[in-house]
Protein chains: 2
Amino acid sequence: MNKNSVSVRISAKDFAYQEIKERILKCEYTPNQPIAEEELAKDLKISRTPLREAMQRLELEELVVRQTNGRLKVAPVSVKEVRELFLVRSMLEGIIAAEAAEKCTEQDVRHLSYFANMIKQTANERDMEAVSTFGSQFHTYLYEVSQNKTAVKILRQLNDHIMRYRRLAHFIDTKETSFEHEALLEVIAKKDKHNAELMMKKHVLKAMEKAVTALKQYENTMNENE
Amino acid sequence: MNKNSVSVRISAKDFAYQEIKERILKCEYTPNQPIAEEELAKDLKISRTPLREAMQRLELEELVVRQTNGRLKVAPVSVKEVRELFLVRSMLEGIIAAEAAEKCTEQDVRHLSYFANMIKQTANERDMEAVSTFGSQFHTYLYEVSQNKTAVKILRQLNDHIMRYRRLAHFIDTKETSFEHEALLEVIAKKDKHNAELMMKKHVLKAMEKAVTALKQYENTMNENE
DNA sequence: CTTCGTATAATTGTATACAGTTATATTTTA
DNA sequence: TAAAATATAACTGTATACAATTATACGAAG
């Protein structure tokens, strides 16, 4: 076999996990929607054994919840949860920013500059979908630089949940976001740990306010339609 | 059925999870020790299906790791991981302390006083095992008061890992710990969010230093004996 | 018409069997 | 004797079958 080709014999369990997770994050499966194992297994053309393992993983990540009768449903949403997600995220992103400021090389700064520039450019073009994408890449790059596996693992899960809320309540970035990333880059390049942490925390907490506002609006329109 | 009696028909999966987790946290299963599903299932007198679900949960919590050949072993330990665990924990305990300071009632303060007093008393008696136990209860009580499910869930997992390191490297609390809890109680009772957060962070980071020192010593003795 | 009880169906939890893969033991060859 | 090749054993991944639980449909009683 070609040495460069990585054999990606993906297991049924992992396939199911990825597939179902995507459906939940994209809100194809809506909050509180019930899920039956047999039906889903048939749909994915696998047996219940690996499906159950996939579902358990999603359950532990709290993207699905198990009811007292043992049956599964897609996790509910709440303003309280959004606040918690962003509050915890702000602290962990703060750690990451500080550690990244400490460890980043000149090449890392160049990479981050690229993302910051793309954020600025797409923000000017009012392409907020792209702003969000490059924003994620900016943060994800910091994750790598920080080398803090414990924090990064938690952050990835938090970000999954946040992604679902984003799709659900349609909250988007603003022009401010662009400036914030530029300012962050600046202090990180200066290896200013302390300010990197503070600014990152504030940056994330600002995003929280947008998210909360959007979700409240979403919940209002939902209540009107019932 | 009596309304007060809670039916605790524990599943084979949950039984296995609890049992194996305990063995790992108590270091009956040592770091890097291989685990075979068949053998363990026989030992616990259950089939591989629920055992695998239990093992997957432990794997996701990183108390066991899956090797490239698909086989499981007890998670390794490292100084780097200890630092990450405590650093993340310090931030989350900081959030918790701030939120608890905001929300705590007079009765909560009385409960916390009890724990703080027991910490002081047992510290005076040099019963460091008891100090550790009441210390945990002090923190756990704050978790409840904070009502931050997201942070608490993560903290419980971090604390499991920390417990394993404690058992492995035998690091214990000191007299200082006692004073720190008293001081924490004081600012929380005054509902001083800001200082509650700062002091809690410092408190946890102090514990980190003890843990790191103890683990390094443990690793040294391990290397000498090989 | 509603409520209760019972039978039936649907769903989850667990055991077992088997297929596919990886490691180990054995044999063969130089 | 050492290395390579092959056979055997051990182990994991998945499917299927069955047991236990929960929900639903239906009929009887009030």
Side-chain angles (χ1 to χ4, degrees), chain A residues 1-3 5-21 23-24 29-76, chain B residues 1-3 5-21 23-24 29-76:
Chain A
M1 187 196 281
N2 185 336
K3 258 197 170 179
S5 78
V6 186
S7 69
V8 275
R9 231 189 264 87
I10 190 169
S11 64
K13 175 182 76 172
D14 289 346
F15 161 71
Y17 168 75
Q18 289 172 16
E19 180 65 28
I20 301 162
K21 180 167 152 184
R23 292 182 188 179
I24 293 173
Y29 291 170
T30 59
N32 298 304
Q33 178 177 331
I35 299 177
E37 292 177 1
E38 191 82 57
E39 186 190 338
L40 191 47
K42 252 189 215 162
D43 180 18
L44 298 178
K45 296 172 180 32
I46 61 175
S47 77
R48 274 181 58 224
T49 307
L51 178 77
R52 276 177 61 84
E53 294 181 352
M55 294 313 289
Q56 181 189 270
R57 184 168 172 191
L58 292 168
E59 186 194 346
L60 293 171
E61 293 177 2
E62 295 182 38
L63 288 171
V64 304
V65 297
R66 196 169 290 276
Q67 301 167 96
T68 46
N69 60 12
R71 302 187 178 184
L72 294 165
K73 66 171 188 178
V74 177
Chain B
M1 188 196 280
N2 185 335
K3 257 196 171 179
S5 79
V6 186
S7 69
V8 276
R9 234 190 259 82
I10 191 169
S11 65
K13 175 182 77 174
D14 289 346
F15 160 72
Y17 168 75
Q18 289 173 15
E19 180 64 28
I20 301 162
K21 180 168 151 183
R23 292 181 188 179
I24 293 172
Y29 291 169
T30 59
N32 297 304
Q33 179 177 329
I35 298 178
E37 292 177 0
E38 192 83 56
E39 187 189 339
L40 191 46
K42 253 191 214 161
D43 180 17
L44 299 178
K45 297 174 181 28
I46 60 174
S47 77
R48 274 182 59 224
T49 306
L51 178 78
R52 276 177 62 84
E53 293 182 353
M55 294 312 290
Q56 179 186 279
R57 183 166 172 194
L58 292 168
E59 185 194 347
L60 293 171
E61 293 177 2
E62 295 183 37
L63 287 171
V64 304
V65 297
R66 197 170 289 277
Q67 303 168 93
T68 46
N69 59 12
R71 303 189 178 181
L72 294 165
K73 65 172 187 178
V74 177

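Just so it is clear, the values below take in all heavy atoms, side chains as well, and ignore hydrogens, waters and symmetry mates. First the proteins, then the strands, lettered A, B, ... as listed; each starts at 1.
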*What are the two closest non-hydrogen atoms of B/T30 and B/V74, and how far apart are they?*
O-CB, 3.3 Å

*Check the pair B/K13, B/R57 against side chain to side chain contact (heavy atoms under 4.5 Å, CB included), reporting the backbone distance first and the verdict last.*
CA-CA 10 Å; B/K13 175 182 77 174; B/R57 183 166 172 194; over 6 Å; no

*Answer yes or no: is there an ion pair linking B/E38 with B/K42, defined by an N-O contact shorter than 4.0 Å?*
no

*Count the heavy atoms of every other residue, nucleotide or ligand shown that sit under 6.0 Å from CD of B/Q67, and state whether that count exceeds 12.*
yes

_For atom NZ of A/K73 and atom P of C/dT12, their distance in whole Å_ = 15 Å

*For A/K21, what residues pass the salt bridge (Lys or Arg N to Asp or Glu O under 4.0 Å) criterion, not counting sequence neighbours?*
A/D160

*Determine, for nucleotides 4-17 of chain D in 5'-to-3' order, which nucleotides have protein heavy atoms under 4.0 Å from the base (write B), from only the sugar-phosphate (write S), or from neither (write -).*
-------SBBBBB-

